[in-house]
Novice: 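I have a structure here, written as structure tokens, and I will follow up with some questions on it.
Chain A is the first sequence line, chain B the second, and so forth, proteins listed ahead of strands; every chain is numbered from 1. Predicted, not measured: the structure shown is a model, and the values here were computed from it. Below, each value reflects all heavy atoms present in this structure, side chains not excepted, and no hydrogens, waters or symmetry copies.
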2 protein chains.
Amino acid sequence: MPVTIKDVARAAGVSVSTVSRALAGPELVSPATRERVQRAAAELGYQPNRAARGLITGRTGNIGLIVPDLANPFFPGVVKGMQARAREADFAVFVADTDEDPAVEVALVRQLAKQVDGMVIASPRMSEDELRAAATETPLVLLNRRVGRIPSVTVDNVDGMRQAVAHLVALGHRRIGYVEGPRTSWANRERLRGLRAAISATADGGADVELTVLGSFLPQFEGGVAAADLAVAAGVTAVIAYNDLVALGLLNRFVARGIDVPGQISVIGCDDIVAAAMVHPPLTSIALPKEQTGRAGVDLLLALLKNSGRSAVSTRRELPAHLMVRRSTGPAPTAPAPTDLP
Amino acid sequence: MPVTIKDVARAAGVSVSTVSRALAGPELVSPATRERVQRAAAELGYQPNRAARGLITGRTGNIGLIVPDLANPFFPGVVKGMQARAREADFAVFVADTDEDPAVEVALVRQLAKQVDGMVIASPRMSEDELRAAATETPLVLLNRRVGRIPSVTVDNVDGMRQAVAHLVALGHRRIGYVEGPRTSWANRERLRGLRAAISATADGGADVELTVLGSFLPQFEGGVAAADLAVAAGVTAVIAYNDLVALGLLNRFVARGIDVPGQISVIGCDDIVAAAMVHPPLTSIALPKEQTGRAGVDLLLALLKNSGRSAVSTRRELPAHLMVRRSTGPAPTAPAPTDLP
DNA sequence: GGCTAGTCTGAAATCGTTTGCACAACATGT
DNA sequence: ACATGTTGTGCAAACGATTTCAGACTAGCC
């Protein structure tokens with residue numbers, strides 16, 4: 001029932017090899033036959049059988065994406081970007097979710113590797129060695145993380161933090177808290193580094209800005225809820241959270257305790273997930289270009305596949321972050337720090 | 001480099017046919033050789049080449065999932081469920097996002113159909129005829145929608161609404177609003193139907209409960225923001241929204257206008273997305289079993305594939321909904337309706 | 001012991017495509 | 001005219017599995 005290359009060959013009055021060539025490399029056949037073949041193929045609605053092609057070329061036409069948790073609103077954006085770009089290049093995308101479990105992650109990479117030409121993996125959890133090992137087995141692009149010479153797409157966390165700090169300092173904040181995510185997270189370390197750099201880059205060399213690091217906490221809503229009280233106890237006037245989920249947890253707990261945001265304490269998140277704009281007050285957040293991250297990941301992977309293993313020309317992409325200022329940040333309170341509140 | 005069936009055959013001292021049989025149907029070979037072959041396969045780490053298998057069997061081992069918008073937090077849950085169930089059955093899942101565009105949807109179904117053995121589609125937008133047509137071309141399971149005899153997984157929206165109405169009525173509410181989603185959405189019609197049924201099922205036959213239908217609105221945050229003022233103007237004491245995104249929009253606008261929730265007006269959403277529990281006040285919502293929906297979708301599809309087209313035994317699954325009561329609903333205000341407020 | 005039935009196994013065909021090789025046709029340079 | 005390239009095309013061999021068919025062997029029965 002399905003139309004094969006033979007049908008096209010018969011219809012065009014040529015051999016199957018000619019059909020194959022006419023459709024693959026336009027240079028390999030005469031213009032006349034190419035035309036004839038292409039018309040025949042179009043008329044019959046011919047679609048090459050991917051299994052057959054894959055069998056001989058050794059390629060699947062698929063790429064894999066591994067994310068720790070699809071329910072984290074950061075990732076759907078990335079998936080969308082990947083989809084779009086992959087479709088343009090006639091690739092299909094397998095998405096796999098590891099439920100934040102590094103063991104599952106490793107197993108999944110193994111399993112998926114057989115079914116795809118390469119994979120993009122957003123994995124804060126896997127160890128560097130495991131990643132390096134995986135990278136030797138299959139073309140690999142890392143998202144939001146750098147390990148050795150493995151191609152990666154990252155966001156300029158340091159600059160994002162610079163913007164956040166500049167914003168807070170301009171508002172008069174001098175006692176800033178940072179709620180850490182998982183210590184093993186590359187992004188977490190990077191953000192902390194950026195934070196410190198940003199502070200020492202302020203007007204007075206950062207002398208009068210005090211940074212309190214809290215954590216680490218789970219990168220989820222509950223983590224933020226748990227961290228909120230510590231932030232209050234620490235007497236900071238502004239908190240920057242590892243990500244938006246944590247920031248929402250903070251916000252939630254502050255409201256529950258009757259602490260005014262941003263009147264008494266300002267909150268900044270990271271990722272700019274959709275929910276950030278939906279809460280009250282709307283959350284100021286460091287926006288990461290999610291879709292672009294996905295697209296760039298595919299781009300790098302495609303380049304990698306083209307060079308079939310040798311390191312691509314541009315093996316790293318760093319994307320800009322930018323601060324979305326909303327209502328959860330405001331002037332620092334002049335009154336005593338919220339320590340002595342209910 | 002990769003280990004093929006030949007390698008296993010050589011290692012086990014048998015022919016490739018025997019290896020194939022030993023691994024596929026344990027009954028087809030003698031226990032002794034089966035044992036030998038299986039050990040050899042395990043030792044070599046043999047993984048059958050899916051392209052080769054697909055070429056001869058005509059199956060890909062993949063299934064497709066089409067969703068309107070991955071950024072809608074309802075879907076990641078569904079994806080997770082599908083993933084999990086599909087992996088158990090040794091299938092891989094292609095996920096495609098249509099950006100809420102019915103045209104893209106149709107094109108995508110066509111394209112994807114060639115690459116998968118069947119697909120699960122959550123499509124409020126495609127027309128019934130298009131869906132019927134698609135169903136003849138490839139095994140298909142519908143999510144949250146029923147069309148003719150196409151297998152489907154739905155949630156008991158009617159019962160969900162019954163619970164919501166019972167909850168509100170018990171709290172003393174008599175003037176209830178419903179914010180409609182897209183009129184073309186099957187789920188929207190179903191929910192409205194359930195709502196009406198639930199009201200006429202109340203103690204007094206629904207005589208003193210008044211339902212105001214508002215809309216329709218986009219099934220997104222902005223839709224809720226837009227609907228909020230209408231709800232206030234209509235003088236209802238409780239609003240049920242088409243989904244949680246809309247409900248969050250309502251909540252947001254109410255807070256912005258200084259209207260107390262649930263003091264002056266109660267809000268109920270639908271879907272129970274993660275963000276529902278993260279806002280203030282936490283949103284009462286009709287929870288749909290997202291992961292289970294995904295799993296059930298795969299189950300039905302697998303059954304469909306086994307019967308290779310003929311209608312499966314159980315061609316429909318209806319899953320229960322249940323109301324998650326949180327803080328956005330409370331006793332109806334005894335004071336005059338909020339109409340005459342700022 | 002010979003015939004039949006049953007159980008296991010292997011050889012070979014097959015799926016639809018790509019690609020190395022050979023060959024034909026024709027143009028080019030001498 | 002002949003060797004030499006160049007260009008376009010077809011034949012046939014892969015790729016790695018499944019599956020049909022037939023053969024080998026064992027066992028059972030008269």
Novice: Are OP1 or OP2 of C/dG10 and a side-chain N or O of B/Thr18 less than 4.0 angstrom apart?
Specialist: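 Affirmative; the distance criterion is met.
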Novice: Between D/dT18, D/dG16, D/dT20, which nucleotide has the shortest distance from any of its atoms to the side chain of A/Leu55?
Specialist: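 It is D/dG16.
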Novice: Whether A/Thr33 contacts D/dT9 is assessed here as follows: a side-chain N or O lying under 4.0 Å from the phosphate OP1 or OP2. Is that the case?
Specialist: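 Affirmative; the distance criterion is met.
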Novice: Between A/Ala92 and B/Gln115, which heavy-atom pair has the shortest distance, and what is it?
Specialist: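 Nearest pair, atom of A/Ala92 first, then B/Gln115: CB-OE1, 3.7 Å.
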Novice: Can a donor-acceptor pair be found, under 3.5 Å and without considering hydrogens, that links the side chain of B/Asp97 to the backbone of B/Asp99?
Specialist: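 The answer is yes, because a donor-acceptor pair under 3.5 Å joins these two groups.
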Novice: Taking the nucleotide of DNA chain C with the nearest heavy atom to each, does B/Ser15 or B/Ile56 sit closer to the 5' end?
Specialist: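 The residue whose closest nucleotide sits nearer the 5' end is B/Ser15.
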Novice: Rounded to whole Å, please give me the gap between CD1 in A/Ile5 and P in C/dT17.
Specialist: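 Computing the A/Ile5:CD1 to C/dT17:P distance gives 5 Å.
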Novice: Search all heavy atoms of A/Asp117 against all heavy atoms of A/Gly61 and return the closest pair with its distance.
Specialist: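 Heavy-atom minimum between the residues: OD2-N, 2.9 Å.
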Novice: Would you kindly give the CG-to-C1' distance between B/Asp90 and D/dA17, to the nearest whole Å?
Specialist: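 Computing the B/Asp90:CG to D/dA17:C1' distance gives 15 Å.
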Novice: What closest approach, in Å, do B/Val3 and B/Gly45 show between heavy atoms, and which atom pair accounts for it?
Specialist: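 Closest approach of B/Val3 to B/Gly45: CG1-O, 3.9 Å.
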Novice: Among C/dT18, C/dT19, C/dT9, which nucleotide sits nearest the side chain of B/Val29?
Specialist: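 Selected nucleotide: C/dT9.
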Novice: D/dA17 P sits how many Å from B/Arg10 CZ, rounded?
Specialist: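 For the pair B/Arg10 CZ and D/dA17 P, the rounded distance is 12 Å.
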Novice: Could you check which of C/dT19, C/dG16, D/dG8 has an atom nearest any side-chain atom of A/Pro31?
Specialist: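 Selected nucleotide: D/dG8.
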Novice: Could you tell me the separation between the NZ atom of B/Lys6 and the C1' atom of D/dA17, rounded to a whole number of Å?
Specialist: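 Value for this atom pair: 11 Å.
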Novice: Let's see if you can work this out: which of D/dC11, C/dT17, C/dT9 has an atom nearest to the side-chain heavy atoms of B/Arg21?
Specialist: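 Of the options given, the side chain of B/Arg21 lies nearest C/dT9.
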Novice: With DNA chain C as reference, determine whether A/Val19 or B/Arg36 sits nearer its 5' end, using the nearest nucleotide of each.
Specialist: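 Final value for this comparison: B/Arg36.
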Novice: For A/Ala134 and A/Val109, work out which heavy atoms get closest and say how close.
Specialist: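 Looking at all heavy atoms of both residues, the closest pair is CB-CG1, 3.9 Å.
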Novice: If you compare every side-chain N and O of A/Ser17 against the phosphate oxygens of C/dT18 (OP1, OP2), does one of them come in below 4.0 Å?
Specialist: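 Checking A/Ser17 against C/dT18: no side-chain N or O falls below 4.0 Å of OP1 or OP2.
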Novice: Give the rounded distance in Å between these two atoms: NZ of B/Lys114 and P of C/dC15.
Specialist: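 Between P of C/dC15 and NZ of B/Lys114: 18 Å.
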Novice: Rounded to the Å, how far apart are B/Arg59 CZ and C/dT14 C1'?
Specialist: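 So the two atoms are 18 Å apart, to the nearest Å.
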Novice: Whole Å only: how far is the CG atom of A/Leu28 from the P atom of C/dG20?
Specialist: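 For the pair A/Leu28 CG and C/dG20 P, the rounded distance is 11 Å.
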Novice: What about A/Arg50: does its side chain form a donor-acceptor pair under 3.5 Å with the base of C/dG16?
Specialist: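 Looking at the base of C/dG16, it does not pair with any donor or acceptor on the side chain of A/Arg50 (distance under 3.5 Å).
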Novice: Quick one, A/Leu70 with A/Val95, criterion side chain to side chain contact (heavy atoms under 4.5 Å, CB included). Give me CA distance, side-chain angles, the key distance, then yes/no.
Specialist: CA-CA 9 Å; A/Leu70 261 178; A/Val95 181; 4.3 Å; yes
Novice: Classify the nucleic acid contact of A/Ser20 as base, sugar-phosphate or nothing, counting any heavy atom under 4.0 Å across all strands shown.
Specialist: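 Base contact - A/Ser20 has a heavy atom under 4.0 Å of at least one base atom.
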Novice: Looking only at side-chain atoms of B/Ala52, point me to the closest of C/dT17, D/dT9, D/dA17.
Specialist: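 Nearest to the side-chain atoms of B/Ala52, counting from C-beta on, is D/dA17.
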Novice: What is the distance, to the nearest angstrom, from the CG atom on A/Leu23 to the P atom on D/dT9?
Specialist: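 About 13 Å, once rounded to whole Å.
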Novice: Does B/Tyr46 have a side-chain nitrogen or oxygen under 4.0 Å from the phosphate oxygens OP1 or OP2 of D/dA17?
Specialist: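 Yes, B/Tyr46 has a side-chain N/O under 4.0 Å of OP1/OP2 on D/dA17.
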